[in-house]
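Counting starts at 1 for both ligands and their atoms, in listed order. None of these values were measured; they are calculated from a predicted model.
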Amino acid sequence: MEFPATDKALATVLRGIPGLVFALFFAAIIYIPTRRDHEIRLEKLRLEARKAKDQTEATSKPNSKTDLPHPPPLKASDHFNDRKHHLLLAATGSVATIKLPNILASLAHHPNLSIRVLVTPSACSFLQSQSPEQPSLASLLVLPNVEAIYRDEDEWIVPWTRGAPILHIELRRWADLMVVAPLSANSLAKISLGLSSDLVSSVIRAWDATGLIDEPRPGVALPYGEDRDRKGILVAPAMNTAMWNHPATIRHMATLEEWSVGKGGWIEVLRPIEKDLACGDMGGGAMKEWKDIVGVIEKRLGLTGDEEYVAVDGKK
Ligand SMILES: Cc1cc2nc3c(=O)[nH]c(=O)nc-3n(C[C@H](O)[C@H](O)[C@H](O)COP(=O)(O)O)c2cc1C
Ligand SMILES: *[C@@H]1O[C@H](CO)[C@@H](O)[C@H](O)[C@H]1NC(C)=O
């Protein structure tokens with residue numbers, strides 16, 4: 001008896017089934033564990049990424065423990081006629097940042113001084129109340145004359161809209177004298193190259209190098225110029241001896257020298273001193289003694305009552 005063609009085809013298919021089942025079974029044996037391995041590997045990667053993210057968050061917000069408040073928006077024009085001397089005091093990431101509390105405390109007795117403090121993220125790390133000489137930044141806000149402490153994130157507390165004040169510009173307009181003490185090797189390099197990647201370097205980059213933009217304030221002598229009519233930036237570099245002796249430093253310092261108040265510019269450098277450094281090396285690069293820095297600040301702002309003008313670089 002002849003089977004019809006369709007039945008023949010059906011028989012072929014039926015005969016193929018065990019082979020197909022076997023092939024599927026074999027594929028599953030190989031595929032399922034491979035897939036499980038793949039998922040385990042993915043989950044491991046996800047965990048690692050989460051751990052890394054937590055770690056960077058912890059280190060990039062070193063000051064989160066201190067609850068430093070965001071200062072209110074600043075409009076320099078609101079303070080133009082306050083008859084106070086305006087000191088913008090910045091600290092960048094150096095061991096000498098721990099002198100900031102001393103500097104602020106010894107300027108606290110002046111009745112006509114107003115201070116705004118700037119800190120880089122790295123400078124924040126040195127003042128987290130980790131030791132008695134390293135109080136939190138927030139604790140410095142109670143010192144007399146300290147109006148506010150600004151960090152990078154304060155540029156963007158209120159999302160900017162047209163007409164709103166821009167923090168680094170308002171700080172520049174507000175300041176009679178900007179002091180960077182300590183000035184780290186990194187921030188020195190940034191200044192000399194014109195980089196402006198954080199709040200401190202943005203203020204410095206937006207400085208009125210011509211002396212023609214910011215109006216002199218009535219009744220307030222400015223730190224520089226024959227007629228005490230020029231604002232300026234006073235910097236106190238502080239770094240490891242090897243960093244100080246590095247050819248990059250020599251190049252960057254030469255640039256600051258070109259822009260120095262002695263040459264009609266806007267920068268005054270308080271050169272480092274030689275001593276045993278906190279890192280164990282001995283040699284140049286240590287920040288000038290903080291008491292001497294306070295003395296220079298008082299002289300430049302005219303806070304001593306002794307109004308004799310001492311030209312920069314120690315020359316009368
Ligand atoms: C404990 C410690 C001490 C440091 N001391 C100095 C220093 O005295 N001078 C310096 O230029 N850099 C020093 N550094 C390196 C700077 O903090 C680092 O270069 C940082 O990027 C500087 O950033 P800033 O200029 O934005 O503050 C130190 C780093 C650490 C961790
Ligand atoms: C602030 O006080 C000092 C010291 O008494 C004085 O020399 C200076 O002129 C005062 N500055 C202003 C702007 O009144």
Q) Quick one: does G93 get an N or O within less than 3.5 Å of an N or O on ligand 1? A) yes
Q: Please identify which atoms of ligand 2 are closer than 4.0 Å to at least one heavy atom of G219.
A: 13 (C)
Q: Before signing off on this row, confirm whether T92 and ligand 1 have an N or O atom pair separated by under 3.5 Å.
A: no
Q. Does R116 count as lying over the ring of W174, i.e. NZ or CZ under 6.0 Å from the six-ring centre, within 45 degrees of the axis?
A. yes
Q: Consider only side-chain N and O atoms of D154 and H70, and report whether a donor and an acceptor are under 3.5 Å apart.
A: yes
Q) Considering only heavy atoms, which of T97, N186, L183, L188 lies nearest to atom 24 (P) of ligand 1? A) N186
Q) Are the charged groups of D208 and R173 less than 4.0 angstrom apart, N to O? A) no
Q) Ion pair present between E289 and K291, side-chain N to carboxylate O less than 4.0 angstrom? A) no
**Q.** A185 neighbourhood, listing ligand 1 atoms whose heavy-atom distance to it stays under 4.0 Å
**A.** 10 (C), 11 (O)
Q | Within-cut-off N or O pair, N112 and ligand 2, under 3.5 Å | A | yes
Q: Please work out whether any backbone atom (N, CA, C, O) or any side-chain heavy atom from C-beta onward of S94 is under 4.0 Å from ligand 1, and answer side chain, backbone, both or neither.
A: both
Q. N/O to N/O below 3.5 Å, does that happen between S122 and ligand 1?
A. yes
(Q) Checking contacts here: is it the side chain or the backbone of T120 that comes within 4.0 Å of ligand 1, counting heavy atoms only? Could be both or neither. (A) side chain
Q) At a 4.0 Å cut-off, with the gap strictly under it, does some heavy atom of A238 reach an atom of ligand 1? A) yes
Q | From CA spacing to verdict: side chain to side chain contact (heavy atoms under 4.5 Å, CB included), I166, W160 | A | CA-CA 8 Å; I166 297 171; W160 184 82; 3.4 Å; yes
(Q) Checking a contact table here: which protein heavy atom is nearest atom 3 (C) of ligand 1, and how many Å away? (A) F126 CZ, 3.5 Å
Q) Would you say the side-chain atoms of S131 and Q134 include a donor-acceptor pair closer than 3.5 Å? A) yes
Q | Nearest-contact summary for atom 5 (N) of ligand 1 - protein heavy atom, Å | A | V95 N, 3.4 Å
Q) Are any of the N/O atoms in S184 less than 3.5 Å from those in ligand 1? A) yes
**Q.** Electrostatic pair R217-D82, nearest N-O below 4.0 angstrom
**A.** yes
**Q.** Pairwise distance OG(S106) to CH2(W290) - rounded to 0.5 angstrom
**A.** 4.5 Å
